[in-house]
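Each remark here refers to the structure printed beneath this line.
Start at 1 with the first residue, then count along the sequence.
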Amino acid sequence: MTKASASGHHASDAIAPLFEGAHTHIGVFDSGLGGLSVLRALHARLPQADLTYVADSGNAPYGERDVDFIVARSRAICDFLADRQVDAIVVACNTATAAAIHVLRHAHPGLPIIGVEPGVKPAAAQSINKRIGVLATPSTLASDKYKRLIESHGQGAVIVPQACPGLAKEIEAGQLDTPALRDLVERFAQPLREAQVDTVVLGCTHYPFVAPLFQAALGSDVTIMDTAEAVAQHTARLCAHRATAGKEQGVDHKFAGNIHLFSSGDPQHLADVARHWLGLQGQVSPLP
């Protein structure tokens, strides 16, 4: 869920269900390929919006970087997206959200910036035995933002955090069912099985791509929760409001659901993964 999504009703709620992204350009970024899971949800919810996606794959994964580095890269990428005149930015990276979103919002006060965070609140509502596992990067689990999230929304549940060092990096390689990946999933699933959790939160946007492996390792009785849909819905509400305001001010752009992909690593690898994993086609460029 997003921080702002808990703030109550928005004036645009009535029109948001009808809004498909016309007159809207949304920037999305992640340390690498993980944010493609959010891009997929955004494209499905807002098919008429233009989407610019930045994968900082040359510096991935953020979960194993220090905070200053993550903040500096997040600022540089947000500046790049703002220069492309986006109407909103989605920080499709749990680690970058935890480390940098307050800095990004301060740097771009007029621009909606939506973050992602582990869906502890919906998991607490969903869980029957109130035992919840959280799969995330070491950096996310160590962040003050995560600690505040547990304090605010744990709702008396037993939260079992499970750091997953190396998992995002393995997913970045682009193969989603390798022996090495299965070994990592099994290692990180075992403590959650032993803790008898009935609900598991995917606290990194890379992890939905290996959700089938976690489901097999945890068992069919365990519910796995991803927040990409909630992020897309919240972004739609914010953009519906801005698009309405833009029409009133006579602003008119022509958008047709185009996707432009940028990578600080190998742009062709990003394009191939977007096509093979998600069926998304888009123009691809190196990140300047």
Checklist entry - When you look at L270 and S57, which way does the side-chain contact (heavy atoms from CB on, under 4.5 Å) test go after all the steps? => result CA-CA 9 Å; L270 174 61; S57 293; 5.9 Å; no
Next on the checklist: Using 30° and 60° as the class boundaries, would you call the ring planes of Y207 and F214 parallel, tilted or perpendicular?
Outcome noted: tilted
Item to check | Aromatic ring pairing F209/W277, orientation class (parallel under 30°, perpendicular over 60°, tilted between) | outcome: tilted
Between [X] and [Y], is there a shared hydrophobic cluster once you connect ILVMFWY residues whose side-chain heavy atoms come closer than 4.5 Å?
X	Y	value
L184	L192	yes
L176	I224	yes
V160	V120	no
V134	V185	no
L149	V116	no

What's the separation between atom [atom1] in [X] and atom [atom2] in [Y], rounded to the nearest 0.5 Å?
X	Y	atom1	atom2	value
D183	T178	CG	OG1	8.0 Å
R75	L104	CZ	CG	7.5 Å
K169	L167	NZ	CG	12.5 Å
E151	D144	CD	CG	9.5 Å
R182	R187	CZ	CZ	15.5 Å
I77	D56	CD1	CG	4.0 Å

Side-chain donor or acceptor of [X] paired with backbone N/O of [Y] under 3.5 Å:
X	Y	result
S264	L287	no
H276	D272	yes
S127	A123	no
Q281	I259	no
D50	N258	yes
S263	P286	no

Item to check | No-hydrogen, no-angle side-chain donor-acceptor test under 3.5 Å, T137 and T95 | outcome: yes
Item to check | E194, CD atom: more than 12 neighbouring heavy atoms under 6.0 Å | outcome: yes
Next on the checklist: How about NZ on K130, more than 12 heavy atoms from neighbouring residues, nucleotides or ligands closer than 6.0 Å, or not?
Outcome noted: yes
Is there a side-chain contact between [X] and [Y] (heavy atoms, below 4.5 Å)?
X	Y	value
T140	K145	no
I132	I159	yes
F19	C239	yes
R84	H260	yes
E172	P61	no
N59	F69	yes
H206	D30	yes
V200	M225	no

Checklist entry - Between E186 and R193, is there a salt bridge with N-O shorter than 4.0 Å? => result yes
Next on the checklist: What I want to find out is whether D198 reaches R131 closely enough, with some N-O distance under 4.0 Å, to be called a salt bridge.
Outcome noted: no
Check [X] against [Y] and note the closest heavy-atom contact, atom names and distance.
X	Y	answer
H25	L51	CD2-N, 4.5 Å
G265	P267	O-CD, 3.2 Å
Q215	S220	NE2-CA, 3.9 Å
I113	R105	O-NH2, 2.8 Å
A96	I70	CA-CG2, 3.8 Å
Q155	A124	OE1-CB, 3.5 Å

Checklist outcome for this item: Apart from V103 itself, members of its ILVMFWY cluster (side-chain separation under 4.5 Å) are V67, V71
Checklist entry - Passes side-chain contact (heavy atoms from CB on, under 4.5 Å), D79 versus H108? Steps please. => result CA-CA 9 Å; D79 290 347; H108 299 280; 2.9 Å; yes
Checklist entry - Between V86, I89, D87, L46, which is the residue that forms a side-chain contact (heavy atoms from CB on, under 4.5 Å) with I26? => result L46
Checklist entry - Does the separation of the ring centres of F80 and F262 fall below 6.0 angstrom? => result yes
Checklist entry - Checking side-chain hydrogen bond (donor to acceptor under 3.5 Å, both in side chains) for the pair Q233/E229: CA distance, chi angles, key distance, verdict? => result CA-CA 6 Å; Q233 292 289 0; E229 297 294 335; 5.3 Å; no
Item to check | CA sep, side-chain torsions, deciding dist, call: Y146, N94, side-chain hydrogen bond (donor to acceptor under 3.5 Å, both in side chains) | outcome: CA-CA 10 Å; Y146 171 75; N94 295 76; over 6 Å; no
Hey, can you pull the donor-acceptor pairs under 3.5 Å for the side chains in residues 31-40, sequence neighbours left out?
{"from": "S37", "atom 1": "OG", "to": "G34", "atom 2": "O", "distance (Å)": "2.9"}
{"from": "S37", "atom 1": "OG", "to": "T205", "atom 2": "O", "distance (Å)": "3.0"}

